[in-house]
Amino acid sequence: MKPIEPMEPMKTSTLDRIRNNYIVQAWLVLILAICFGGSLASIQLALGPLIEANKINETLQKVPEMILGAEKSQKLSEKQQLVIEPQTIEVSKHNRKVFYNVFKANYPNGRPAGWVAKAIGQGYADKIEILVGMDHKLKKITGLFVLDQKETPGLGNKIITNEWRKQFITKKTTTPLSVTKEGAKAAHEIDAITGATISSRAVCSIINATIKDLRDPLLNRAN
Amino acid sequence: MSYIVDILLIAVGAALINNFVLYYFVGICPFIGVSRKVDMAFGMGCAVTFVISIAAFLSWTITTYILKPGAPLSKWMAGLFVSPEMAANIDLTILCYIVYIFAISSSVQFVEMYVRKFFPVLYKSFGVFLPLITTNCAILFACLTIMSNVAGVDNPADAWDLGRSLTLAVFGGIGFTIAIVIMAGIREELELCDIPKPLEGAAITFVVAGILALAFMGFTGVDSGLKKALTPKTSETVQVQVIHTDRNLASSANYIF
Amino acid sequence: MADAPTPYERFIQGILPENPVYRQLLGLCPTLAVTNGLQAAMTMAGAVAFVLFCANIITSLIRDLLKPHLRIVIFTLTIATFVTIADRFLAAYMYQMSKTLGPYIPLIIVNCLIICRCEVCASKQSVVHAGMDAMGQSIGFAIALGSIAAVREILGTGMLFGIRVLPAVWPDWVVMVLPPGAFLTLGLLLGAVNWYGMQKQDA
C-alpha cells in the first residue's frame with residue numbers, strides 16, 4: 001500500500017485571496033462611512049447655526065416681556081426695541097462657584113431698563129429653571145417665567161400658569177418671599193398652589209437666592 | 001463632602017426615583033421578554049449592569065476628550081491642519097450617536113469573548129443574553145444622559161466627571177435589575193392564576209408594570225429631602241469673584257429685535 | 001417555499017396584521033415615552049417613518065454587496081446617520097418639540113423595529129418592496145402611537161392636540177399622563193387588540 005503523502009502547503013495565491021477578501025469586505029463599510037460622514041458634516045454646517053440661534057432666542061425673546069410686561073413688550077415698535085446685553089456673573093457660595101446668566105436690558109437711548117437673570121434650583125421632582133425680571137435698581141420683581149420644569153402634571157405643573165406667576169410682579173425684593181396656604185396678605189407672601197406647596201416653595205427659594213446673590217454684583221456693575 | 005452627597009443623590013435617583021424601566025421606559029424589551037423566571041431575570045440584570053458601566057466609561061472618555069466642543073484631543077489634531085483659533089472651535093458632537101452605538105456594540109462583543117473564554121460556567125448561564133443587550137435602550141440612554149451632562153451644560157464647571165457618570169450607569173443598571181427581578185417574581189406567581197385569554201402574555205405584564213410604576217412613584221421627592229437633610233446649614237457668605245461678559249454669545253454683541 | 005410577499009402585501013401587512021407595536025411588540029420604548037400627547041406622538045411617528053424609509057431604501061440598494069457578518073454593522077451605521085439627521089432637523093425647525101421628545105429621538109437607533117425591517121425585508125428584496133414595507137410599517141406604528149396617545153391625552157388632560165374636548169366637569173386622571181398610565185393603557189389596548197383578533201379567528 002502506498003504511504004500517505006503529506007499535503008502540499010496552501011498556495012500563496014489562496015492566502016492572497018483571503019487577505020484581499022478582508023479588504024474587499026471592509027471597503028463597503030469604509031465608503032459608506034465616508035459618504036455618511038460627509039452628509040453629516042454638511043448637515044452640521046447648514047443647521048448648526050440655526051440650532052444655536054434657537055437655543056439663544058429661547059431666553060432672549062422672553063427678556064422684554066420679563067422687564068416690561070407682556071402687553072407693553074408686544075407694543076414696542078422696531079425703533080423702540082430694547083438693547084440686550086448677555087453677561088455671566090460668577091458667585092462663590094459654600095466654596096463652590098455658581099454661574100448666573102444675566103441679561104442687561106437698556107432702552108435704545110441708553111437708559112437702563114432692567115435685568116433678567118436665569119436661575120436653576122431644586123424643585124419637587126427635578127430641577128426648575130426660571131427667568132426672573134427685575135427693575136434696574138433691583139428694587140422689585142417685574143416678571144417671572146418658568147423655562148424648564150418636571151413637576152407633577154396637574155399639580156406642581158401649575159407653576160407655569162400665568163395666574164400663579166402674576167403674583168410675583170411688583171413684589172419688592174427687600175424682604176425674602178415666603179409661601180402661605182391660607183391666602184397671601186403681607187407684601188412678601190405668595191399663595192401656594194393647592195396640593196403643590198413644595199413646588200411653590202421651591203420657586204420662591206430660587207428667586208430669593210438669586211436676588212440675594214446678584215444684588216451686590218449687579219448694582220456694582222450698573223454704576 | 002458635597003461630592004459624596006452628589007454621588008448619593010445621583011445613585012438614589014437613578015436606581016429608585018427615576019428608575020430606568022419604570023420612569024424612563026428604556027429597557028422594556030428584555031423587561032417583557034426575559035422576566036419569566038427570577039434567576040434568568042437576575043442574570044440579565046447583572047449582564048446589563050456590567051455592560052452599562054463599561055459603555056458609560058467609554059462614552060464619558062470619548063465625549064470629554066474627543067467629541068465635546070473644544071475637546072483636547074480633537075483640538076490638538078485639528079491644530080495640525082488649521083490655525084489654533086479655528087481649532088479651538090471644533091465641535092464633533094454631531095458624530096456622538098454613531099460613536100456611542102459602535103462603542104456599545106464593540107464593548108458587548110469584547111465582554112462576550114472575555115466571558116466565554118474565562119468564565120465558561122457564567123457564559124452558559126447568561127451568555128445568550130449578551131448579543132441582545134446591544135439593542136437595549138437602557139445602555140444608549142445612559143450614554144446620552146452622560147453626554148447631556150458633559151457636553152450640554154451651560155457652563156463647564158457643571159460638567160460631570162467620571163465618578164458621577166459611572167455612578168449613574170451602575171445604579172441605573174441596579175435599578176433595572178430591581179425592577180426586572182420584582183417583575184419576574186410576580187410573573188412566576190401569575191403563572192398559577194387564571195388570566196383572561198386576551199390579556200395573557202405581554203398585556204398582563206404591562207398592567208402589572210403599571211402598578212409597579214405607581215408604587216415606585218412613591219419615591220418622588222426623596223432626593224430633595226435627602227439633599228436638605230445632608231447639606232449642612234452654613235452661614236451664607238457670598239463673595240463676588242469675577243464679572244465678565246459671556247464669550248459664547250458673540251462677544252457682547254447687542255441683540256436688537 | 002412560499003413566494004416572497006409582493007410590495008402591496010408588504011404594505012397591507014404592516015398596518016394591522018403585522019403591526020409593529022400590537023403584534024410584533026417592537027419599538028415599545030417610544031410607544032410608552034412620548035405618548036403623553038398626540039402632537040408628540042405624531043412627531044415621533046414621523047421621525048421613525050423618515051428613518052425607516054431611508055434606511056430601507058439604502059439597505060435595499062446595497063443588498064447585493066452585503067457580507068453576512070458585516071451587515072449588522074452597516075445597518076447600524078445607516079440607521080445612526082439618518083437618526084442624527086432627523087434629530088438635527090427637529091432641533092433646527094421644531095425646537096420646542098425636540099426638547100419635549102428629548103433623548104427618545106436618538107433612541108430610535110436601537111429601536112428593534114428598524115433593524116428588524118432591514119434584516120427581514122430590505123436586505124432581501126428590491127427597492128420597491130422595501131419602500132412599501134417601510135410605508136406600511138410606519139403607518140402601523142403611527143396608528144399604534146396615535147391610539148395610545150389619544151387615550152392618554154383625553155383621559156389625562158381632557159384635551160386632544162391641545163384643544164379641550166371633554167367638558168370641564170371631567171376630573172383629569174393625571175395618572176394617565178404619568179408612567180403608570182402609559183403601562184396600563186398599553187396593556188389594556190394590547191388586550192383589546194388580542195381579543196379582537198381572537199373574535200375574528202373564531203368567526
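Just so it is clear, the structure is predicted and the values come from calculations on it, not from any experiment. A note on names: the letters A, B, ... follow the listed sequences, proteins ahead of strands, and every chain is numbered from 1.
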J.: Report yes or no: is the cationic atom of A:Lys158 (NZ for Lys, CZ for Arg) closer than 6.0 Å to the six-membered ring centre of A:Trp164, at no more than 45° off its axis?
T.: no
J.: Salt bridge check: are C:Arg117 and C:Glu18 linked by an N-O gap of less than 4.0 Å?
T.: yes
J.: Side chain, backbone, both or neither: which part of A:Glu52 has a non-hydrogen atom closer than 4.5 Å to chain C?
T.: neither
J.: Tell me, for A:Ala53 versus chain C, whether the close heavy atoms (under 4.5 Å) come from the side chain, the backbone, both or neither.
T.: neither
J.: For A:Pro176, is there any backbone N or O sitting under 3.5 Å from a side-chain donor or acceptor partner on A:Asn208?
T.: no
J.: Measuring heavy-atom distances to chain A, does C:Thr78 have an atom under 4.5 Å in its side chain, in its backbone, in both, or in neither?
T.: both
J.: Can you list the steps and then say if C:Arg63 with C:Ser123 is a side-chain hydrogen bond (donor to acceptor under 3.5 Å, both in side chains)?
T.: CA-CA 5 Å; C:Arg63 70 182 184 280; C:Ser123 59; over 6 Å; no
